[in-house]
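Some notes on the structure that comes next.
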Amino acid sequence: MSTERTVSSTRVGIVGAGPAGLMLAHLLDRAGIDSIVVEKRDRDTIHATHRAGILEAATVRMLTETGVDGRVLTEGHEHRGTVLRFQGESHRIDFQDLVGHSVWLYPQNEVFWDLAAARERDGGDVRWSVTDTEVLDLDTDRPRIRFTDAEGAPCEVRCDVLVGADGSQSVCRRAIPEHARTDNFVEYPFAWFGILTEAPPSAPELIYANSEHGFALVSSRSESVQRMYFQCDPEEDVAQWDDERIWAELQRRVDGPDGLRLQQGPIFDKTVLKFRSYVCEPLRHGRLFLVGDAGHTVPPTGAKGLNLAFCDVRALAPALIGFFRDGDDSGLAGYSATALERVWRAQNFSYWATNLLHAQPGENPFHQKRRHGEFTAITSSARGAAYFAECYTGWPED
């Protein structure tokens with residue numbers, strides 16, 4: 001095999017073909033701006049990876065109104081509220097009544113599948129299963145992406161702008177010199193034990209539960225597959241948990257005088273999900289721009305990860321279009337500040353909701369009773385409930 005590197009040129013090179021990278025490529029294509037996307041995984045692997053599934057209304061509009069696909073409306077489920085459950089008592093937060101918005105239950109892997117199909121339909125250039133990816137010349141007006149393609153051939157993409165959409169282990173972010181970025185983060189002393197089960201839904205909407213035994217989330221993926229979590233130690237060994245023990249633990253965390261019972265079925269996936277809050281500042285270095293988890297991560301409690309990535313794209317796409325169409329770089333210059341304003345708002349909500357709903361290791365009765373007082377302040381006040389509803393469903397678009 002030849003060792004000579006094959007060189008391609010494009011206006012925007014994108015590292016990462018998750019939802020953020022593919023949505024950006026889709027929006028640029030609609031504006032007549034070419035791009036090349038490189039991704040280390042193959043399509044089937046990404047599609048089989050189960051991720052969060054709550055979409056804000058603005059995210060749904062991005063999928064449906066830009067010509068990606070309408071499956072989110074036909075196969076997703078509109079949720080007009082959610083349930084906060086403390087000490088066995090449920091309190092419904094009515095999104096529509098409080099803020100006039102809904103969210104949609106539609107798994108992230110299906111969002112990816114819709115976007116990947118749209119890029120194939122539209123003739124987009126996406127290079128799957130690449131290895132040895134590196135990014136170079138970020139401080140020049142012609143940055144480069146080097147990688148080995150799926151057939152083992154060395155390749156290079158030369159572009160005018162480079163976008164890092166390659167997730168929390170981003171090679172693009174790591175290419176920014178340490179002196180040129182600030183890594184803001186906080187670790188959490190707990191994790192989620194997550195399961196996928198073949199069972200009917202236990203409730204029409206998500207239930208976020210807190211009890212003396214810890215946090216639990218009753219979620220869903222479809223009419224026949226359910227997703228549930230309970231708070232655990234970050235070093236928990238899933239091999240020590242059989243189905244009977246898992247169901248007993250989940251049930252005791254949602255037990256209450258109303259007799260709520262979880263719909264049980266065979267568990268076909270078990271995992272421990274560790275999480276932390278992280279923000280890279282700035283989200284730009286030279287001609288490199290970060291979007292999504294490459295630039296920031298949030299704990300999953302507030303359902304902000306994918307939605308925040310789409311907010312980044314909603315800010316970056318018009319900035320790139322203005323740059324290439326009109327030679328106006330003001331949007332690119334302001335991208336990091338614009339995106340970070342929303343990122344920090346989402347970080348605040350995710351951090352707050354996480355600490356509201358989870359028991360801290362070693363906490364005493366004061367902390368438990370204080371948390372219940374905070375919960376009561378939210379659920380007994382229309383303004384408190386509206387704050388939660390607005391944060392959860394997404395703030396108005398700029």
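Owing to the predicted nature of the structure, the values given are computational and were not obtained by experimental measurement.
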Geometric class of the F230/W241 ring pair [parallel <30°, tilted 30-60°, perpendicular >60°]: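 Judged by the thresholds at 30° and 60°, the geometry between W241 and F230 is tilted.
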Whether W192 and H358 hold their rings parallel, tilted or perpendicular, with breakpoints at 30° and 60°: parallel
Among W352, W395, Y392, ring-ring contact (aromatic ring centres under 6.0 Å, His included) partner for Y387: W352
Do the side chains of [Y] and [X] get nearer than 4.5 Å, heavy atoms only?
{"X": "V12", "Y": "I33", "answer": "yes"}
{"X": "D160", "Y": "R142", "answer": "yes"}
{"X": "F268", "Y": "P266", "answer": "no"}
{"X": "L162", "Y": "F289", "answer": "no"}

Least distance between heavy atoms, P396 atom then R342 atom: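 Taking every non-hydrogen atom into account, O-NH1, 3.6 Å.
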Over all atoms of both residues, closest heavy-atom pair of G16 and V37: O-CG1, 3.5 Å
Assess whether atom [atom1] of [X] is packed by more than 12 heavy atoms of other residues, nucleotides or ligands within 6.0 Å.
{"X": "E187", "atom1": "CD", "result": "yes"}
{"X": "E120", "atom1": "CD", "result": "no"}
{"X": "Y278", "atom1": "OH", "result": "yes"}

Residues F95, R80; criterion side-chain contact (heavy atoms from CB on, under 4.5 Å); working and verdict: CA-CA 5 Å; F95 298 153; R80 301 168 69 89; 5.6 Å; no
Face-on cation placement of R11 at F324 ring, 6.0 Å and 45° thresholds: yes
Six-ring centre of F185, R276 cation under 6.0 angstrom, axis tolerance 45°: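 Judged by the rule, R276 and F185 form a cation-pi pair.
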Working for salt bridge (charged side-chain N to carboxylate O under 4.0 Å, His left out), residues R314 and D312: CA-CA 5 Å; R314 199 156 59 237; D312 292 346; over 6 Å; no
Lys/Arg-Asp/Glu bridge criterion (N-O < 4.0 Å) met for R245, E249: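 Salt bridge between R245 and E249, a charged N being under 4.0 Å from a carboxylate O: no.
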Ring centre gap for F215 and F190 strictly below 6.0 Å: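 That pair fails the under 6.0 Å test.
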From CA spacing to verdict: salt bridge (charged side-chain N to carboxylate O under 4.0 Å, His left out), R127, E39: CA-CA 6 Å; R127 318 282 180 90; E39 168 59 51; over 6 Å; no
Trace of the side-chain hydrogen bond (donor to acceptor under 3.5 Å, both in side chains) decision for Q226 with T197: CA-CA 5 Å; Q226 311 310 314; T197 178; over 6 Å; no
side-chain hydrogen bond (donor to acceptor under 3.5 Å, both in side chains) partners of T354, counting only residues at least two apart: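 Result, side-chain hydrogen bond (donor to acceptor under 3.5 Å, both in side chains) vs T354: T301.
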Set of residues satisfying side-chain hydrogen bond (donor to acceptor under 3.5 Å, both in side chains) with respect to Y188, sequence neighbours excluded: S277
Intermediate values then yes/no, side-chain hydrogen bond (donor to acceptor under 3.5 Å, both in side chains), R252 and H213: CA-CA 8 Å; R252 77 174 186 145; H213 306 295; 3.0 Å; yes
Worked check of salt bridge (charged side-chain N to carboxylate O under 4.0 Å, His left out) between E235 and K274: CA-CA 9 Å; E235 304 306 319; K274 301 177 182 180; 3.3 Å; yes
Chi angles and distances behind the side-chain hydrogen bond (donor to acceptor under 3.5 Å, both in side chains) call for H285, D139: CA-CA 7 Å; H285 179 72; D139 292 315; 3.2 Å; yes
D293 side, atom CG; S170 side, atom OG - distance, nearest 0.5 Å: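 One gets 10.0 Å once the value is rounded to the nearest 0.5 Å.
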Donor + acceptor pair across side chains of S224, E198 (<3.5 Å):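 Looking only at side-chain atoms, E198 and S224 do not form any donor-acceptor pair under 3.5 Å.
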